[in-house]
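This report concerns only the one structure given below.
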Amino acid sequence: MRGTSAALQPPADAVKPVRHPDAPAPRELLGAHYGECFGCGGEQPHGLHLEARAGDGVSITAEFTVQAAHQGAPGLAHGGVLATALDETLGSLNWLLRTIAVTGRLETDFVRPVPVGTVLHLEAEVTAVAGRKIYSSATGRIGGPDGPLAVRADALFIEVKVDHFIDNGRPEEIRAAMNDPDQVRRARAFEVNP
């Protein structure tokens with residue numbers, strides 16, 4: 001790791017992540033985990049509409065196009081939006097583990113500006129698991145999967161039970177998600193939210 005904090009360095013007893021046997025197949029589109037999610041949901045008019053695909057092992061690739069609504073400085077992506085794209089990509093990894101987990105810590109490095117209109121190509125992988133802690137890293141590149149590095153992040157996700165969302169979310173959204181007749185969509189609604 002690149003000088004990340006001690007909180008993001010797996011302990012000595014951490015194990016290599018294992019892809020769940022029921023995880024989506026490599027190159028399969030994961031789809032939105034929740035329609036209202038700012039990161040991946042199609043029902044958010046100014047959201048990122050990030051599209052993630054399962055990779056090999058416990059990895060994914062994703063991309064999103066930086067829109068005018070995502071800018072901070074004139075013509076450039078807002079750093080918080082880029083951090084959101086990394087967080088969404090990293091959080092999507094948990095679907096490959098079939099684990100409900102939330103972001104515990106996210107450290108982001110902004111390497112170069114990302115202009116509006118750019119397609120940001122993201123790659124992420126789980127690097128280790130220690131009990132309820134899931135360690136992962138991601139990169140974002142401009143112009144293609146092998147393009148110049150623009151952003152990178154290391155993250156720690158913490159496995160939680162669905163009660164985390166029930167106890168802390170707005171009741172109307174929780175009820176709507178839990179009453180969704182689509183069993184997979186119902187389960188995925190609680191996949192990566194903090």
Side-chain angles (χ1 to χ4, degrees), residues 8 17 19-20 22-71 76-127 134-157 184-185 187-194:
L8 291 177
R19 184 188 190 103
H20 193 279
D22 295 330
R27 286 159 284 298
E28 184 177 330
L29 185 64
L30 299 182
H33 76 92
Y34 176 55
E36 293 291 332
C37 175
F38 181 79
C40 66
E43 297 168 33
Q44 283 289 343
H46 298 298
L48 304 184
H49 303 149
L50 187 135
E51 292 187 352
R53 291 188 180 278
D56 295 322
V58 188
S59 71
I60 66 165
T61 60
E63 61 182 46
F64 88 98
T65 302
V66 178
Q67 303 294 322
H70 304 144
Q71 64 189 313
L76 297 173
H78 189 288
V81 168
L82 297 175
T84 300
L86 288 163
D87 185 48
E88 183 70 26
T89 303
L90 290 157
S92 295
L93 288 165
N94 297 313
W95 189 240
L96 301 180
L97 299 172
R98 298 301 286 258
T99 299
I100 300 172
V102 296
T103 310
R105 186 174 187 98
L106 176 70
E107 289 186 11
T108 306
D109 296 321
F110 301 95
V111 179
R112 67 175 22 99
V114 179
V116 169
T118 298
V119 176
L120 190 65
H121 297 267
L122 299 136
E123 293 184 20
E125 69 174 335
V126 176
T127 56
I134 301 164
Y135 298 86
S136 53
S137 61
T139 58
R141 297 180 178 278
I142 297 172
D146 298 319
L149 182 67
V151 293
R152 63 183 166 223
D154 292 306
L156 168 64
F157 281 77
V184 172
R185 202 169 47 222
R188 289 204 63 204
F190 302 103
E191 179 183 292
V192 296
N193 298 347

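Here the structure is a predicted model, which means the values were calculated and not measured. In what follows, every heavy atom counts, from backbone to side chain, and hydrogens, waters and symmetry copies are set aside.
In terms of modelled atom types and a separation under 3.5 Å, the side chain of His70 and the main chain of Gly47 share a donor-acceptor contact. Of the possible donor and acceptor atoms, none in the side chain of Thr65 sits under 3.5 Å from a partner among the backbone N and O of Gly117. Using modelled atom types, no side-chain atom of His20 and backbone atom of Trp95 make a donor-acceptor pair closer than 3.5 Å. Judged by distance alone, the side chain of Arg152 and the main-chain N or O of Ser137 form no donor-acceptor pair under 3.5 Å.
Distance check: Leu76 CG to Thr118 OG1 gives 8.5 Å after rounding to the nearest 0.5 Å. The OG1 atom of Thr127 sits 9.0 Å away from the OH atom of Tyr135 when rounded to the nearest 0.5 Å. Distance check, rounded to the nearest 0.5 Å: CG of Asp87 to CG of Leu50 gives 10.5 Å. If you take CG on Leu120 and CG on Leu122, they are separated by 4.5 Å, rounding to the nearest 0.5 Å.
Under the side-chain hydrogen bond (donor to acceptor under 3.5 Å, both in side chains) criterion, Arg112 pairs with no residue, sequence neighbours left out.
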Q: Please test Thr99 against Asn94 for side chain to side chain donor-acceptor pair (under 3.5 Å), starting from the C-alpha separation and ending with a verdict.
A: CA-CA 5 Å; Thr99 299; Asn94 297 313; over 6 Å; no
Q: Start with the C-alpha distance between Val114 and Leu82, add both sets of side-chain angles, then the distance that settles side-chain contact (heavy atoms from CB on, under 4.5 Å), and finish with yes or no.
A: CA-CA 9 Å; Val114 179; Leu82 297 175; 3.9 Å; yes
Q.
Between Phe64 and Val81, is the side-chain contact (heavy atoms from CB on, under 4.5 Å) condition met? List the steps.
A. CA-CA 11 Å; Phe64 88 98; Val81 168; 4.3 Å; yes
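The two residues Ala153 and Leu106 come nearest to each other via the heavy atoms CB-CD1, 3.8 Å. Between Leu93 and Val58 the shortest heavy-atom distance is CD2-O, 3.7 Å. Between Ala52 and Ile60, the shortest heavy-atom distance links the atoms CB-CD1, 4.0 Å. Nearest heavy-atom pair, Val116 versus Ala68, reported as atom, atom and distance to 0.1 Å: CG1-N, 3.7 Å. Looking at every heavy atom in both residues, Val66 comes nearest to Ala77 through CG1-CB, 3.7 Å. The two residues Ser136 and Leu90 make their nearest non-hydrogen contact at OG-CD2, 3.4 Å.
Residue pairs meeting the salt bridge (Lys or Arg N to Asp or Glu O under 4.0 Å) criterion with at least one member in residues 47-66, sequence neighbours excluded: Arg27-Asp56.
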Under 3.5 Å, which donor-acceptor pairs link side chains of residues 138-149 to any protein atom two or more places apart or in another chain?
residue : atom : partner : partner atom : Å
Arg141  : NH1  : Gly147  : O            : 3.0

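Within the 4.5 Å cutoff, the side chain of Leu86 has heavy atoms near those of the Val151 side chain. Side-chain contact between Arg19 and Ser59: absent, with no pair of heavy atoms (C-beta onward) separated by less than 4.5 Å.
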